Amino acid sequence: MSLSTRYSPKETEDRWYAHWEAKNYFHSEPDEREPFTIVIPPPNVTGVLHMGHMLNNTIQDVLIRRARMQGKNACWVPGTDHASIATEAKVVQLLRKQGIKKGDIPRDEFLKHAFDWKEKYGGIILDQLKKLGASCDWQRTRFTMEDSLSRAVIHVFVDLYKKGKLYRGLRMTNWDPEAKTVLSNEEVIHREENSQLFHIKYNLVDDPTDGIIIATQRPETIMADVAIAVHPEEEKYQHLVGKMVLIPLINKPIPIIADSYVDREFGSGALKITPAHDQNDLQVGERHGLPVVDILTEDGKLNAEAQILVGEDRFVARKKIRKLLEDAGNLVKVEDYRTSIGHSERTDAVVEPRLTNQWFLKMGGFAATALEAVKSGEVKFYPESMWNMYYQWLQEDNVRDWCISRQLWWGQRIPAWYVLKSAVGSPQSAVGDLQFSESGRLMKNGEELVIVAENEADALAQAKAKLNNNNLTINDLEQDEDVVDTWFSSWLWPIAVFDGFEKKDDLKYYYPTNVLVTGWDIMFFWVARMIMSGYEWSEELLGDDLKGKMPFHEVYFTGMVRDNKKRKMSKQLGNSPDALELIENYGADGVRFGMLLSGSAGNDIIFDAPIDPVTKTVLNESKLCEQGRNFCNKMWNALRLIKGWERSDAEQPEVNALAVAWIKDKFDQTLAEVEANFTTYRLGDVLMGLYQTIWDDFCSFYLEIIKPSFNEDGTSEPIDHQTYEATINIFEKMMAALHPFMPFVTEEIWHQLRNRREGNDCVVASYPTAGRVDKDLIQKVDKAKDLITKIRESRSSKGISPKESLRLFAQNLPSSHSMFELMGLAGLVLKMGNLSELSFTDEEPAGTVSLLSGTEKYFLEMNIMIDVAAERERITKELDYYRGFVASVEKKLSNEKFVGGAPAAVIDAERKKLADGQEKMRILEEGLVKLG
RNA sequence: GGGCGCAUAGCUCAGCUGGUUCAGAGCAUCUGCCUUACAAGCAGAGGGUCCGCGGUUCGAAUCCGUGUGCGCCCA
């Protein structure tokens with residue numbers, strides 16, 4: 001049998017993934033074992049795998065695979081998010097291509113198209129996660145808009161309404177005039193843009209020759225003005241407060257008021273108050289009991305309230321009103337101005353602040369709960385510093401009520417019904433004081449009467465009771481047209497994926513989940529809200545079976561993946577390498593290696609993909625992924641080496657026994673670090689530790705020590721089977737330890753190392769734990785390694801081939817003798833230093849160069865002329881270094897404050913440093929004398 | 001305007017409770033090797049005012065203050 005000199009991910013990855021799935025290793029059912037649960041942050045159902053997904057799913061996979069190997073019942077629940085805005089936009093686009101306009105088809109038909117589309121293209125990303133090696137429990141795949149999860153959304157909506165935490169109200173919202181829907185704050189993208197500041201004069205009612213000048217960016221909204229505000233302490237306007245001015249062009253009188261909101265330094269120091277079209281103005285208006293005049297339509301045109309320019313688009317109106325104001329003599333000046341303007345993420349339309357009827361969730365109590373959950377330590381953040389941001393965001397002053405309604409169809413329809421005129425017959429004839437809204441809905445106390453219910457039947461029953469009319473039919477009611485915000489379904493994810501609102505068997509076992517892995521950018525939108533929902537419902541759902549209200553015990557925040565200009569990688573910017581191409585180029589293991597090594601928890605990651613200098617596009621290349629690929633190859637070749645060995649019954653040589661003991665210790669040392677680093681989620685450090693021990697300790701040192709030599713006929717000597725077995729054992733443990741990080745290559749090597757019985761797979765092997773470490777042994781071998789390095793260095797600097805065998809003499813010193821008393825150590829140095837002889841000496845033998853390793857001196861015989869001057873220079877240089885070193889330590893030790901203040905251990909360490917340094921100086925000086 | 005964070009080798013970053021892990025890792029660079037597992041490799045080497053300034057301390061990359069530069073969030 002022969003193995004290729006290169007490891008081929010393509011030949012192994014799909015095969016092993018299929019095998020794992022066939023064996024159903026990723027599926028979890030509740031049992032006696034301790035659960036270890038992760039719920040995936042559900043990617044958009046329409047999404048494709050990008051760098052952020054790769055990072056955060058690789059981390060989740062590492063954690064879940066390790067837990068599985070530790071014998072826990074590991075359950076990683078995958079799924080997708082219906083992403084209402086993004087998906088609806090895609091479906092609308094698709095229909096448009098087919099010549100269908102959203103407005104022309106009924107809601108049901110649109111949803112049918114959307115679901116068809118989702119069935120056809122949705123969930124591609126889940127298959128891409130399989131490519132990455134994600135060991136999700138695919139049988140548990142969920143979708144935020146499937147029936148059970150939608151029922152959960154409706155249930156909590158009704159529940160919150162009953163609890164008085166939901167309300168409907170007219171509020172200032174971000175309005176997209178093109179999509180004609182309200183937008184959440186995160187869907188508004190602010191950009192710095194050039195604008196103009198118009199200085200407009202409003203004349204006094206009593207004295208048309210006098211007036212006040214205000215500055216505004218939006219002259220087209222002056223018709224909606226309800227007041228002019230000045231700062232209460234601004235002297236130059238004191239005399240005007242309380243007087244009336246006329247809105248230019250329409251000559252409508254409005255008052256001048258004083259409010260400390262006004263920035264005295266900005267513009268003229270006087271501000272027009274337009275409550276319908278500005279959030280801050282609305283607040284000022286409310287403070288002063290001013291009316292709201294809305295002059296815009298839902299698509300951003302001026303309405304009849306404007307009196308002039310009716311029907312014009314807001315931007316056209318701005319141009320036209322400029323001329324009108326100029327002609328009327330009210331335009332004082334126009335200056336250029338730079339300002340930040342909000343655009344719709346989807347349509348790019350300039351977002352219009354607009355008063356609309358929306359559903360809100362009161363956040364007060366929720367925010368306090370979410371804050372306390374983390375403050376108390378019930379939910380732990382990694383890195384801890386994320387607490388600062390979390391704390392800041394959840395401060396009472398910063399939390400605004402959550403607008404949960406969206407004017408879309410793709411999502412859970414709001415379970416609220418309104419009563420139509422038909423329910424009460426002719427309004428005039430029935431009861432005198434009945435009022436109806438513009439849309440024909442029954443009003444009560446000036447607002448539309450709302451009935452919130454889990455289903456139509458219940459809504460109807462409630463309506464019958466409320467109106468005291470048993471003849472009502474469902475046709476007399478009208479359901480709210482809007483759907484809830486997508487986050488209003490995903491905040492239930494850790495409960496809903498276990499159908500927790502309907503049954504508790506799974507929830508009881510898996511909740512609270514262990515860890516959530518997600519980007520810090522959705523800390524508020526998702527993480528905090530999941531904590532809120534967990535504390536709100538888990539107790540009533542689980543009762544005595546509750547193991548904790550928190551949805552997860554720990555949160556690992558990943559950073560954003562950025563390009564080398566620190567810009568977030570995104571499809572739009574075109575600065576992101578193609579995730580699947582990267583996997584194609586380096587293998588999933590290589591890419592996972594690259595992702596994990598590129599950064600640590602919480603810190604943003606600068607991904608090293610290079611840019612093509614000619615085309616300026618990002619290349620699907622990465623040095624770190626290449627390193628990962630090379631690592632696979634390295635391990636693959638170690639496998640090839642070992643598999644090529646013949647075995648013999650010969651006794652184990654001392655050198656090999658030492659090497660085996662050493663690599664076991666060394667690996668145990670690494671495993672101890674692995675364990676420590678896992679508890680604090682320092683996954684990059686874990687991987688680097690394993691990388692170094694496998695590459696440097698195992699391949700470069702251990703295997704070179706035990707590697708059998710060659711006979712003259714070119715055949716390899718056999719290896720004693722004790723060493724062989726030990727080597728296979730340690731290699732296999734290394735593969736197990738590395739498996740969570742690089743699952744494919746480790747599984748492949750696992751099977752190449754031995755013939756395995758059915759079911760003996762690396763993916764379910766037990767995760768190795770650290771054993772006791774013989775520190776003395778490690779220290780002695782480290783000294784030998786240092787000596788070997790010095791020998792190689794001498795060779796390299798003198799141009800002597802590593803192939804040439806040399807003699808080495810160790811100076812007769814107790815410490816040298818003690819070191820070489822370790823069985824096999826001399827043999828190890830002989831082999832690794834390619835020495836023909838190693839013996840002790842009192843005198844410096846002729847024709848040798850001296851080496852200093854630690855405080856032991858050695859003489860390496862070289863069959864060349866020694867350049868005395870060069871030697872002297874080399875030794876002098878080294879001596880100078882130690883002189884400085886010793887001087888600094890002496891200075892420290894002679895400082896009484898140091899000796900008095902520092903702990904004994906530190907002082908002892910300094911004394912040892914001093915003694916060693918002095919000893920080295922003595923040896924070096926002696927060497928100089930010998931050189932003459 | 002309010003807040004959060006970052007600055008350590010050419011690059012990307014570790015450095016956790018101040019002291020042998022104290023100036024580190026990987027990549028890149030340089031030198032020499034196609035040595036019978038691996039050139040996707042082996043052996044060796046060089047490289048730093050720990051952003052500036054001030055302070056606390058016996059001792060500061062680490063703690064405090066301040067300045068500068070950069071990133072982000074909210075308004």
Side-chain angles (χ1 to χ4, degrees), chain A residues 3-7 185-186 190 263 265-266 279-280 340 383-393 395 397-398 400 520-521 523-524 559-560 562 564-568 586 590 593-594 597-600 602-608 610 622-624 626-645 676-677 680 682 684-685 687-689 691-692 695 699-700 703-704 707-710 714-716 788-797 799-803 832 834 892-893 895-903 905-910 912-913 916:
Chain A
L3 298 171
S4 154
T5 60
R6 298 214 174 147
Y7 169 69
N185 289 330
E186 64 268 28
H190 290 270
D263 180 355
E265 307 301 317
F266 185 83
Q279 169 70 37
N280 294 311
S340 156
E384 275 177 36
S385 58
M386 286 294 164
W387 160 256
N388 290 328
M389 203 191 298
Y390 186 77
Y391 178 79
Q392 198 56 41
W393 278 358
Q395 283 305 295
D397 301 347
N398 293 341
R400 280 179 293 169
W520 57 257
D521 55 333
M523 175 191 284
F524 187 67
M560 302 293 102
R562 299 182 185 280
N564 59 2
K565 292 193 190 90
K566 300 199 172 170
R567 297 176 307 181
K568 197 166 158 180
Y586 300 105
F593 182 96
L597 232 50
S598 54
S600 57
N603 285 344
D604 285 357
I605 285 166
I606 311 289
F607 195 78
D608 64 343
S622 155
K623 276 287 169 195
L624 277 170
E626 186 181 320
Q627 197 183 343
R629 180 199 63 183
N630 293 353
F631 184 33
C632 291
N633 203 48
K634 184 71 189 177
M635 294 186 286
W636 180 251
N637 277 290
L639 171 77
R640 288 179 59 224
L641 172 68
I642 294 165
K643 290 200 74 162
W645 289 336
N677 284 327
T680 48
R682 301 173 71 91
D685 288 357
L687 180 56
M688 184 45 76
Y691 173 80
Q692 286 176 334
W695 195 308
C699 293
S700 298
L703 289 179
E704 290 299 329
K707 186 156 92 180
S709 51
F710 287 91
T715 58
S716 170
I788 292 159
T789 303
K790 295 270 161 60
I791 293 168
R792 288 171 174 172
E793 187 189 335
S794 284
R795 273 203 155 98
S796 175
S797 66
I800 295 173
S801 162
K803 283 186 246 178
M832 299 301 280
N834 192 15
K892 207 178 206 178
L893 281 169
N895 182 340
E896 278 173 31
K897 285 181 181 169
F898 171 71
V899 180
V906 174
I907 296 172
D908 284 350
E910 289 297 319
K912 172 123 193 356
K913 267 158 80 175
D916 282 359

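Naming convention: chains lettered A, B, ... in sequence-line order (proteins, then strands); numbering from 1 in each chain. Just so we're clear, the structure is a prediction, and the values are computed from it rather than from any experiment.
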key: N or O in side chain of A:Arg682 less than 4.0 angstrom from B:G15 OP1/OP2   = yes
query = Could you go step by step and tell me if A:Asp908 and A:Lys912 meet the salt bridge (charged side-chain N to carboxylate O under 4.0 Å, His left out) rule?
reply = CA-CA 6 Å; A:Asp908 284 350; A:Lys912 172 123 193 356; over 6 Å; no
key: P spacing across the pair B:G24 / B:G71, given as an integer number of angstrom   = 32 Å
request  = Determine: side-chain N/O of A:Asn630 to OP1/OP2 of B:G41, distance under 4.0 Å, yes or no.
outcome  = yes
ask   = OP1 or OP2 of B:G26 less than 4.0 angstrom from a side-chain nitrogen or oxygen of A:Gln692, does that happen here?
value = yes
request  = Determine: side-chain N/O of A:Ser796 to OP1/OP2 of B:U31, distance under 4.0 Å, yes or no.
outcome  = no
message = With a 4.0 Å limit, can you tell me whether A:Arg6 has a side-chain N or O closer than that to the phosphate oxygens OP1/OP2 of B:A40?
response = yes
inquiry  = By nearest heavy atom, map A:Tyr691 and A:Phe631 onto RNA chain B; which one lands nearer the 5' end?
reply    = A:Tyr691
request  = For B:U57, take OP1 and OP2 only and decide whether either is under 4.0 Å from a side-chain N or O of A:Lys897.
outcome  = no
message = Suppose you measure atom P in B:G67 against the same atom in B:U12; what distance do you get, rounded to whole Å?
response = 27 Å
request  = Take A:Glu793 and A:Lys790, measure what salt bridge (charged side-chain N to carboxylate O under 4.0 Å, His left out) needs, and give me the verdict at the end.
outcome  = CA-CA 5 Å; A:Glu793 187 189 335; A:Lys790 295 270 161 60; 5.8 Å; no
Residue-phosphate contact under 4.0 Å: A:Asn280 side-chain N/O, B:A75 OP1/OP2 = no
ask   = When you look at CD of A:Glu384, are more than 12 heavy atoms from neighbouring residues, nucleotides or ligands closer to it than 6.0 Å?
value = no
task = For B:U20, measure the glycosidic angle (O4'-C1'-N9-C4 for a purine, O4'-C1'-N1-C2 for a pyrimidine) and name it syn if it falls within 90° of 0, otherwise anti.
result = syn
query = B:C74 C1' sits how many Å from A:Asp521 CG, rounded?
reply = 15 Å
query = Does any donor-acceptor pair link the side chain of A:Gln279 with the base of B:A75 at a separation under 3.5 Å?
reply = no
key: Distance, C1' atom - from B:C64 to B:A60, rounded to whole angstrom   = 11 Å
task = Using a cut-off of strictly less than 4.0 Å, decide whether A:Lys707 has a side-chain nitrogen or oxygen near OP1 or OP2 of B:U36.
result = no
B:U36 glycosidic torsion: syn (within 90° of 0) vs anti = anti
Pairwise C1' distance, B:G48 and B:A28 [rounded to whole Å] = 16 Å
query = Would A:Met560 and A:Trp520 count as a side-chain contact (heavy atoms from CB on, under 4.5 Å) if you check the C-alpha gap in whole Å, the side-chain angles of each, and the deciding distance to 0.1 Å?
reply = CA-CA 8 Å; A:Met560 302 293 102; A:Trp520 57 257; 3.8 Å; yes
query = So, is A:Lys623 close to the B:A28 phosphate, meaning a side-chain N or O under 4.0 Å from OP1 or OP2?
reply = yes
ask   = Is any side-chain nitrogen or oxygen of A:Trp387 closer than 4.0 Å to OP1 or OP2 of B:G5?
value = no
key: Nearest-Å distance once atom C1' is located in both B:C50 and B:G32   = 33 Å
task = Please state how far atom CG in A:Asn633 lies from atom P in B:C38, giving the value in whole angstrom units.
result = 10 Å
ask   = Between B:G26 and B:G18, how far is it from one C1' atom to the other, in whole Å?
value = 27 Å
Rounded P spacing from B:G52 to B:G44 in Å = 34 Å
request  = Would you indicate, yes or no, if B:A40 has its OP1 or OP2 atom less than 4.0 angstrom from a side-chain nitrogen or oxygen of A:Arg629?
outcome  = no
